[in-house]
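Reading through the structure tokens given below for one structure.
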Amino acid sequence: MSPAPNRDNQKLVDRLTALVGAEIVHGDAVALESYSRDATPLFHGLPEVVVTPRSTQEVEEIVKFAASTKTPIIARGAGSNLCAATVPLNGGIVLSMNKMNKILEVDRAQMLAVVQPGVTNQTLDETVAKEGLMFVPDPGSKNVSTIGGNVATSAGGLRGLKYGTTKNYILGLEVVTGTGEVIRTGSRMVKDVAGYDLTRLFVGSEGTLGIFTEITTILNPRPRAAKYGVAYFTDLAAASNAVDQVVRAGILPATMEFLDNPCILAVEEFAHLGLDTQAGALLLFGDDGEPDFIDAAVGKMAQIAAEVSGSRGVTLAADTAAADALLYARRCSLPALARLGTLSILEDISVPRPIMSDAVKGINEIGKKNQVLIGTFGHAGDGNLHPTIVVDKNDERAVHGAEKALKEIFEMALALGGTITGEHGVGSAKLPYLTARLGEGQMQLQRGIKSVFDPAGILNPGRLGS
Amino acid sequence: MTDKFTQSKLDRCISCGYCLPACPTYQLTGDEQSSPRGRITLMRALQDGKMPFTDALEESSFCLGCRACEPVCPAGVEYGVLLEEWREISWQGKNRPLIVRGLFEAVKSKWRVRAMGVISPTARERKADPNLNLMMGCFERVLFPKVSRTVARIAPEVSITKNQGCCGALHAHNGELERGKEMAKELGEKLSGTILTTAGGCAAHLAAVIGNERVNEFSQWWSAQEKLLKPIEKNGKKIRIGFQDSCHLRNGLGIFKQPREILKSLGDYVEIPDASGCCGAAGSYSLLQRKNSRKVIAKKIEDIKDLNLDYVITVNPGCTRQLATSLRRSRVKTRVLHIAQLIEMAVN
Ligand SMILES: Cc1cc2nc3c(=O)[nH]c(=O)nc-3n(C[C@H](O)[C@H](O)[C@H](O)COP(=O)(O)OP(=O)(O)OC[C@H]3O[C@@H](n4cnc5c(N)ncnc54)[C@H](O)[C@@H]3O)c2cc1C
Ligand code: SF4
Ligand code: SF4
């Protein structure tokens with residue numbers, strides 16, 4: 001949260017310009033300010049320079065230079081992360097990877113794609129769709145976030161229950177480590193256990209172990225059909241119960257997402273879908289696959305949702321367009337909630353699914369106790385909740401209440417055997433709570449791992465492993 | 001004169017980045033500072049005094065002001081208003097582009113605007129429905145006098161007075177927000193009832209100042225009349241028609257279905273890829289930022305060429321001009337017409 005030291009950056013800019021050329025080195029005030037934030041509220045810090053590399057070789061040169069001069073490097077994709085993982089709190093170089101955005105290869109036979117890190121999730125998915133394939137991870141931010149960012153945060157999304165998250169889809173990486181060495185981890189094979197699984201270690205490393213310059217991902221066949229529906233309930237606890245019943249019935253659908261009443265109101269205001277704004281909770285459920293199969297599965301889910309106590313009704317989306325509109329609206333929950341106040345702080349706890357209703361009740365109590373509005377939405381199927389505290393940023397009492405509520409939500413999640421972040425990552429925002437989650441022993445190991453890959457401590461310093 | 005942004009409008013943005021893919025200037029550069037989110041970040045720094053207003057002039061000019069970032073923003077950020085405020089604050093004195101100063105001079109008073117119409121024959125004055133008045137536009141009078149004459153012919157119920165000023169959109173978008181609002185109000189007082197306009201950009205500005213209910217853009221109005229039209233044929237085949245949205249009409253007023261519905265009844269309608277994306281005319285942008293304006297339209301011209309269209313239809317004079325000159329430059333034969341002109345072909 002502290003501002004960056006406003007060092008004179010001219011020398012650094014000159015040296016980098018000499019190294020990689022003026023075209024990709026930006027040291028003017030406008031550029032620096034533009035890269036001073038990500039999607040996390042309250043965090044701001046100026047870099048000393050922004051560099052936009054176009055090739056692995058340029059990345060290599062920049063990292064070597066940074067290592068020799070001990071200059072921090074903050075890798076950045078689209079800057080859509082929600083944990084202040086790319087805010088330059090200690091100056092340094094923002095390495096914006098979004099211009100390395102080529103799809104290098106789509107291999108239909110091996111069902112994989114090789115891409116540069118800056119391509120956006122949606123572009124990749126739309127491109128492989130033409131081949132009848134699907135890139136599975138679909139975070140809410142899919143239209144803007146990059147594959148590099150997705151890998152570095154192991155992004156989840158709206159179909160984690162059946163399909164898993166980014167970590168399940170990465171086969172191999174080309175990485176520039178903290179010493180400037182270029183390594184290739186993994187391979188093009190699904191089976192390959194030669195050595196420690198460094199690929200998996202890099203997934204979720206939040207820019208602290210290496211800079212990805214090429215990514216090999218698994219692709220799935222694109223499902224032939226998809227079907228979605230919406231169920232309304234009196235409250236989130238009833239919706240959680242429905243989710244639990246569905247899974248107990250042996251159904252593992254792609255999507256089970258829920259929104260509470262404040263979220264329904266905010267989303268409806270933006271998307272005008274005719275949602276039931278009186279409902280306490282909404283469950284968006286659906287599955288994809290063979291038409292007959294999903295008809296049966298989605299029908300069964302609808303039946304369960306209609307029968308649990310607290311159900312207010314179920315409707316099935318008439319066609320794909322209607323289903324897409326629902327999914328899109330769900331993705332927009334967070335920014336739509338921002339309509340309700342001037343400061344929205346979003347959380348990302350995860351708890352074991354069968355006790356999700358306890359977490360939901362806990363969140364409500366915490367909101368009441370601290371007198372703050374909390375809108376909760378989340379990936380119900382995964383037990384991953386996004387309680388979002390919305391307050392007026394000029395109301396000191398409310399801001400204080402929000403801070404207290406946040407801390408209590410984390411404590412509750414840990415007490416329930418859950419975690420402080422399900423998919424958004426640690427960054428700077430959750431680092432203060434990491435020891436409580438991992439314990440000192442694991443923290444030591446994490447630091448040890450970082451120092452192997454990044455002995456000079458230049459890669460996203462002050463975050464994971466520091 | 002404003003010297004600060006409206007804080008609550010800045011606060012609305014949560015920097016989620018949803019708007020990035022919709023922004024034409026971001027598509028061109030890939031640089032955060034030329035994205036809506038980046039520009040709002042800059043506005044915040046300006047507001048907080050972290051940066052002098054002179055620092056970010058270039059980005060305030062590079063922005064097309066197309067407002068494509070608005071309908072995609074789930075938080076409801078009113079980017080268009082913020083941009084108007086930005087230019088109001090920083091495009092003062094010597095920081096106002098010379099061309100803008102010239103344009104302002106030209107439309108300074110009613111008689112000057114009227115004089116512009118004298119050079120080229122616009123529609124004649126007439127009294128018809130007193131509660132439906134045609135807005136004549138300022139530059140539209142000079143550039144496309146035919147459009148008002150066409151409307152006069154196909155919509156006999158419309159009243160026409162020549163002694164009317166400019167709606168002030170030009171001012172509002174170029175650093176004279178207050179003056180721009182005053183001009184819209186004056187026009188609203190001068191013309192009674194519903195004001196009918198053939199310029200999407202003017203419609204959006206007028207509506208924002210004097211209220212949606214008082215303003216009708218031509219295609220919006222026509223589609224509500226439910227007048228039946230027969231398809232137009234050329235050499236025994238239905239004509240192939242494409243459409244270019246007016247940015248402010250679509251992004252500001254949400255009008256984009258109506259013109260398409262009309263066109264579907266007139267021929268073989270083909271959706272141009274990214275028809276909703278700015279053509280680079282963007283009011284005075286094509287004059288102020290010639291090079292960038294050409295870059296913005298380049299892909300569109302290729303697409304139109306590939307589609308082999310007979311006509312590209314517009315609902316805003318700036319777009320007509322931009323498309324027509326660019327197509328001519330690339331030797332593409334597709335003709336550019338205002339939607340009223342195509343309707344007239346069907347009526348006859
Ligand atoms: C509205 C909204 C909805 C969201 N929904 C979801 C969701 O459903 N699920 C979810 O998981 N997340 C979600 N997110 C969070 C965020 O979009 C994801 O974390 C995403 O993966 C970040 O991608 P990015 O390209 O924006 O990366 P950035 O934010 O730029 O960076 C994220 C991290 O990746 C690192 N990084 C980026 N590129 C590279 C590279 N090439 N090499 C090494 N490290 C790199 C950065 O250093 C940083 O640590 C959402 C965010 C928003 C704003
Ligand atoms: S303007 Fe809207 S869409 Fe763009 S970053 Fe801000 S909140 Fe997100
Ligand atoms: S108005 Fe148009 S050019 Fe300007 S930021 Fe918005 S989308 Fe980009």
Select one option (side chain, backbone, both, neither) describing which atoms of A:Thr342 are under 4.5 Å from chain B's heavy atoms. both
Most contact-rich option vs chain A, by heavy-atom pairs under 4.5 angstrom, among B:Val77, B:Asp55, B:Asp31, is B:Asp31
Among A:Glu269, A:Arg331, A:Arg37, which residue has the highest count of heavy-atom pairs closer than 4.5 Å to chain B? A:Arg37
A:Asn143, part contacting chain B, at a heavy-atom distance under 4.5 Å: both
Please state whether the side chain, the backbone, both or neither of A:Asn81 comes within less than 4.5 Å of a heavy atom of chain B. neither
Do B:Tyr18 and B:Pro74 have side-chain heavy atoms sitting under 4.5 Å apart? yes
A:Lys99 atom NZ, neighbour heavy-atom count above 12 within 6.0 Å: yes
With only heavy atoms counted, which part of B:Ile14 is less than 4.5 Å from chain A, the side chain, the backbone, both or neither? both
Checking heavy atoms, do the side chain of B:Cys19, its backbone, both or neither come under 4.5 Å from chain A? neither
For the residue pair A:Tyr328 and A:Phe270, does the interplanar ring angle fall in the parallel (under 30°), tilted (30 to 60°) or perpendicular (over 60°) class? tilted
Contact origin within A:Ser36 toward chain B - heavy atom pairs under 4.5 Å: side chain
Residue part contacting chain A, namely of B:Arg44, when any heavy atom lies under 4.5 Å: side chain
Do A:Arg330 and A:Ser333 have side chains that get closer than 4.5 Å, going by heavy atoms? yes
Heavy-atom cut-off 4.5 Å, strictly under: side chain, backbone, both or neither for B:Glu58 against chain A? neither
Chain A heavy atoms under 4.5 Å from B:Ser34: which part of the residue, side chain, backbone, both or neither? neither
dist B:Ile255:CD1 -> B:Ser223:OG (nearest 0.5 Å) comes out at 8.5 Å
Other residues, nucleotides and ligands only: do more than 12 of their heavy atoms fall within 6.0 Å of CZ on B:Arg101? yes
Contact winner vs chain B - A:Gly79, A:Pro41, A:Gly118, heavy-atom pairs under 4.5 Å: A:Gly79
Count the heavy atoms of every other residue, nucleotide or ligand shown that sit under 6.0 Å from CD of B:Glu213, and state whether that count exceeds 12. yes
Is any side-chain heavy atom of B:Trp91 closer than 4.5 Å to one of B:Leu57? yes
